[in-house]
There are 2 protein chains.
Amino acid sequence: MTQVRPMRADARRNYERLLKVAAEVFAEHGENASLDDIAKRAGVGSGTLYRHFPNRRALLEAAYTDRMEALAARAGELAEHLPPGEALMEWLNELCAGTIQVRGLKSLLGSAVTDGGSAAVTACGASIKGAAARLVEAAQHEGALRADVEPVDVLRLAHGVVSASELADGQGRHIRRYLSLLMEGLRG
Amino acid sequence: MTQVRPMRADARRNYERLLKVAAEVFAEHGENASLDDIAKRAGVGSGTLYRHFPNRRALLEAAYTDRMEALAARAGELAEHLPPGEALMEWLNELCAGTIQVRGLKSLLGSAVTDGGSAAVTACGASIKGAAARLVEAAQHEGALRADVEPVDVLRLAHGVVSASELADGQGRHIRRYLSLLMEGLRG
DNA sequence: TGCGAACCGGAGGCCATCTCCGTATGTTAT
DNA sequence: ATAACATACGGAGATGGCCTCCGGTTCGCA
């Protein structure tokens with residue numbers, strides 16, 4: 001999957017700048033920020049942007065891969081220090097909080113758990129799903145979670161909690177409450 | 001609130017055509033359908049559209065008022081024939097199903113339960129909230145619902161269930177399941 | 001029938017997305 | 001060092017959506 005030939009130096013420079021700027025702009029203005037504006041702020045023509053990232057989603061994904069991976073890694077830490085049920089709850093809480101804070105992350109997490117979407121399951125989407133699966137299964141094994149829900153259901157419902165919370169205030173003050181309501185239902 | 005002078009005949013005609021076409025187009029293409037396109041399909045200049053409906057939201061609201069009112073009225077019927085808890089569940093189910101079927105209704109229902117949004121609470125938003133309040137309070141009175149949730153929380157969470165369900169398949173096949181999970185949590 | 005008020009239509013300004021291709025720059029071999 | 005080639009750049013411009021503005025039309029009333 002690595003390039004046969006390494007990227008040209010200028011290409012690599014631009015690629016990196018775009019990634020950095022995109023992360024900032026998406027976080028500030030949300031996932032619908034102007035791509036031309038991102039290109040401009042990166043000191044690059046729009047053609048260059050579209051060559052590196054064929055569409056908005058591709059750029060969004062590339063810009064937030066690291067955050068997604070961090071979130072996935074966080075699941076492991078929590079699993080070590082907390083009982084399965086609490087670990088799941090805490091992880092979902094951090095996931096939702098991150099989703100609200102970093103505008104633009106939401107649709108990315110959403111598309112990671114979409115069925116009929118683009119066939120290509122992105123790497124970071126897989127990480128998140130893997131992390132969720134481990135936490136969910138551990139919780140189920142311990143009886144802290146009903147057996148008839150799948151990890152992907154949990155992720156989707158967490159996404160739903162974020163949506164619900166956004167209606168309330170946009171700062172995520174209701175996340176914890178809505179999430180514990182949800183967990184109550186998931187407990188069985 | 002009624003017009004001092006009745007609308008001119010041509011104005012009324014156009015107004016009505018726009019409403020009809022808008023309902024169709026929003027249902028088909030979602031809330032982001034092209035307004036110019038709606039105007040064109042209604043055989044009207046875009047100026048005319050914007051004169052009657054200053055912005056997208058206004059048109060959306062006008063186009064779906066009847067559906068919203070029907071949904072609100074449905075709450076009363078269900079309350080008569082079912083015990084409170086089931087009535088609420090069933091009503092939420094119909095609400096969510098309608099939200100998915102008629103693309104464009106979702107954001108309308110969403111903004112009805114948004115806090116920091118436009119100050120003007122629309123009439124149909126109030127109807128929906130009233131209907132929800134009655135069902136929720138009846139259910140709480142009977143002990144079928146925990147006492148520390150407000151009607152608006154329930155509506156927001158239902159909106160969240162729709163979001164979750166949309167990630168799954170776009171036809172709402174998971175609504176019932178997700179909703180009963182939610183209700184489980186809301187029961188206390 | 002004629003007049004004023006009400007209303008219409010669509011051209012056009014603005015902004016965003018995305019493509020295309022002449023030009024510039026990095027890279028490699030000599 | 002330099003030539004020569006592949007690679008990448010950039011920004012003009014096509015397309016399409018939003019919304020405004022105003023010359024022209026139509027309606028309704030006397």
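In what follows, every chain begins at residue 1, and chains take the letters A, B, ... in the order their sequences are listed. What's counted below: heavy atoms across the whole structure, side chains too, no hydrogens, waters or symmetry copies.
A side-chain hydrogen bond (donor to acceptor under 3.5 Å, both in side chains) check over residues 92-103 of chain A, counting only residues at least two apart or in different chains, returns the pairs R74(A)-E94(A). Sorted by first and then second residue, the ring pair (Phe, Tyr, Trp, His ring centres under 6.0 Å) pairs involving residues 126-166 of chain B (not counting sequence neighbours) form an empty list.
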With 3.5 Å as the limit, what N/O pairs link the protein to nucleotides 26-30 of chain D?
unit_1: dT26(D); atom_1: O2; unit_2: R8(B); atom_2: NH1; d: 3.1
unit_1: dT26(D); atom_1: O2; unit_2: R8(B); atom_2: NH2; d: 3.1
unit_1: dC27(D); atom_1: O4'; unit_2: R8(B); atom_2: NE; d: 3.4
unit_1: dC27(D); atom_1: O4'; unit_2: R8(B); atom_2: NH2; d: 3.4
unit_1: dG28(D); atom_1: OP1; unit_2: A9(B); atom_2: N; d: 2.8

Which atoms of nucleotides 1-3 of chain D (N or O only) lie under 3.5 Å from a protein N or O atom, and what are those distances?
none

Could you pull out the protein-nucleic contacts involving nucleotides 20-22 of chain C (nitrogen or oxygen on both sides, under 3.5 Å)?
none

Solution key, residues 79-87 of chain A side-chain donor-acceptor pairs under 3.5 Å, sequence neighbours excluded:
none

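Taking R67(A) as the reference, nothing meets the salt bridge (charged side-chain N to carboxylate O under 4.0 Å, His left out) condition, with sequence neighbours excluded. For E69(B), the side chain to side chain donor-acceptor pair (under 3.5 Å) partners at least two apart in sequence or on another chain are S127(B). Scanning for ring-ring contact (aromatic ring centres under 6.0 Å, His included) contacts around Y15(A) gives H52(A), F53(A), with sequence neighbours left out. In this view, Y64(A) satisfies the side chain to side chain donor-acceptor pair (under 3.5 Å) rule with no residue, not counting sequence neighbours. For D66(A), there are no side chain to side chain donor-acceptor pair (under 3.5 Å) partners two or more places apart in sequence or in a different chain.
We find that OH of Y15(B) is positioned 19 Å from P of dA6(C), with the value rounded to whole Å. One atom, CZ of R12(B), and another, C1' of dA6(C), lie 15 Å apart when rounded to the nearest Å. Atoms CG (L59(B)) and C1' (dC19(D)) sit 14 Å apart, rounded to a whole Å. Atom CG of L49(B) is separated from atom P of dC7(C) by 16 Å (rounded to the nearest Å). Taking atom CG on N55(B) and atom P on dT20(D), their separation rounds to 9 Å, with Å as the unit.
Applying a 4.0 Å cut-off to non-hydrogen atoms, the residues of residues 29-41 of chain B that approach DNA chain D are A33(B), S34(B), L35(B), D36(B), listed by residue number.
Salt-bridge check for R41(B) with D37(B): passed, with a basic side-chain N closer than 4.0 Å to an acidic carboxylate O. With salt bridges taken as basic N to acidic carboxylate O contacts below 4.0 Å, one links R12(B) and E16(B). A salt bridge is absent between D10(A) and R13(A); no separation between the charged side-chain nitrogens and carboxylate oxygens falls under 4.0 Å. At a threshold of 4.0 Å, the pair R56(B)-E61(B) does not count as salt-bridged, since none of the basic side-chain nitrogens sits closer than that to a carboxylate oxygen.
No option in V136(B), V113(B), L135(B) other than V136(B) meets the side-chain contact (heavy atoms from CB on, under 4.5 Å) test with V154(B).
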